[in-house]
Protein chains: 2
Amino acid sequence: MTIRSPILILVNDEDLVFKALADPTRRALLDSLFVRDGQTLTQLESELEMTRFGVMKHLRLLEDAGLVVTRRQGREKLHFLNPVPIRLIHDRWIDKYTEGHTRALLDLKAELERDEPEDRT
Amino acid sequence: MTIRSPILILVNDEDLVFKALADPTRRALLDSLFVRDGQTLTQLESELEMTRFGVMKHLRLLEDAGLVVTRRQGREKLHFLNPVPIRLIHDRWIDKYTEGHTRALLDLKAELERDEPEDRT
DNA sequence: AGGATAGGTGACCGAATGGTCACATGTCAA
DNA sequence: TTGACATGTGACCATTCGGTCACCTATCCT
């Protein structure tokens, strides 16, 4: 008999993770949870220019992908950010031996952008 | 007058990166380049069940996203994996103070899966 | 109890995406 | 120079995706 861990369930399907990250609204939701964890649907909706139904649909995809974990509290549903799938993406294509080079490039990039700030989505 | 670095051009639009990663064929291309870097279009096509045109279209998106860098050599075009955008995704949602916890969770997951191997896409 | 509030379901439509093909350009090698 | 090879372009079609709405269920509070 094998024991099935909750973590295995959280990060089951990689395709769901990448599909979930492909939408800017869903990335904004992750950003919001990164700043303040455990928000409800209504709280998250108030920060976006979208209907509640749209936000709900996006949160559903994030939850299916394991990027967001939820906990019910009375009639409210709290949403929490789960960093594990993101870390797995990193580990997939970043070689441990070349990770130093990547870090060095990013440091250089930050150095250059300090003089020339650039707008991002 | 400001100097525009090549690195800034490589990682310009985050949306292109996530859209590029959202397709399983494009992820397979990155996997192939991770194993053997600098492959041509024809080499990459031979590993996939798809027309040359389809593969070309996918490589175009990966290049626009900065995930793949190319170099022409005669009539051939060599493709190289660029890890910088992946590292940026990681840094966005992995807090440096909680990174240890994430690593610990993944170690535990690996421990559990050693007894119970699971198939992935 | 009963109204207000938080969350959920299924259908629907316009827009974007994945994949293929006919055709075109540039390069090597005999 | 001529034919073979590697790569590129634009149009086209089936499918998927993002967002909204009408309608429904569950919980809280007076």
When rounded to the nearest 0.5 Å, the distance separating CD of Q43(B) from CG of L78(B) is 8.0 Å

Rounded to whole Å, CG of L29(B) lies from P of dG18(C) at a distance of 12 Å

Base, sugar-phosphate, or nothing for M50(B), non-hydrogen atoms under 4.0 angstrom?
sugar-phosphate

Open item on the list: I want to check one thing: is the phosphate of dT20(C), taken as OP1 and OP2, less than 4.0 Å away from some side-chain N or O of T51(B)?
Closed with: yes

D15(B) atom CG is separated from dC17(D) atom C1', nearest whole Å, by 14 Å

DNA chain D nearest-nucleotide lookup for R26(A) and L41(B): closer to the 5′ end is L41(B)

With the side chain defined as heavy atoms from C-beta on, F53(A) is closest, among dT9(C), dT9(D), dG18(C), to dT9(C)

task = For E63(B) and T70(B), indicate whether the former's side chain and the latter's backbone hold a donor-acceptor pair under 3.5 Å.
result = no

query = Any side-chain N or O of K77(A) under 4.0 Å from OP1/OP2 of dG8(C)?
reply = yes

Distance below 4.0 Å between T42(B) side-chain N/O and dC5(D) OP1 or OP2 = no

From CE of M56(B) across to P of dA22(C) the rounded distance in Å is 15 Å

Separation of dG18(C) atom P from R60(B) atom CZ, nearest Å, is 14 Å

Here the distance between atom C1' of dT17(C) and atom CG of L21(B), to the nearest Å, is 16 Å

Item checked: Side-chain N,O (H58(A)) to OP1/OP2 (dG19(D)) below 4.0 Å -> yes

Under-3.5 Å donor-acceptor pair between R52(A) side chain and dG8(C) base: yes

Side chain to side chain, H90(A) and R87(B), heavy atoms closer than 4.5 Å:
yes

Assign each of R72(B) and L61(B) the nucleotide of DNA chain C bearing its closest heavy atom; nearer the 5' end lies the nucleotide of L61(B)

Here the distance between atom C1' of dT17(C) and atom CG of L62(B), to the nearest Å, is 15 Å

NZ (K19(A)) and CD (E14(A)) are apart, to the nearest 0.5 Å, by 10.0 Å

- request: Have a look at K19(B) and say if it touches a base, only the backbone sugar-phosphate, or nothing, with a 4.0 Å heavy-atom cut-off.
  value: sugar-phosphate

Point to revise | Under-4.0 Å salt bridge between R27(A) and D31(A) | key: no

When rounded to whole Å, the CG to C1' distance for the pair D23(B) and dT17(C) reads 9 Å

**Report entry** L48(A)-L67(A) co-clustered via ILVMFWY side chain contacts under 4.5 Å
**Finding:** yes

Within the 4.0 Å heavy-atom criterion, would you say G74(B) contacts the bases, only the backbone, or no part of the nucleic acid?
sugar-phosphate

Separation of dA4(C) atom P from E76(A) atom CD, nearest Å, is 19 Å

Check the phosphate of dA6(D) against T40(B), side-chain N and O only, distance under 4.0 Å to OP1 or OP2. Yes or no? no

Check whether the side chain of R75(A) and the base of dT5(C) form a donor-acceptor pair under 3.5 Å. yes

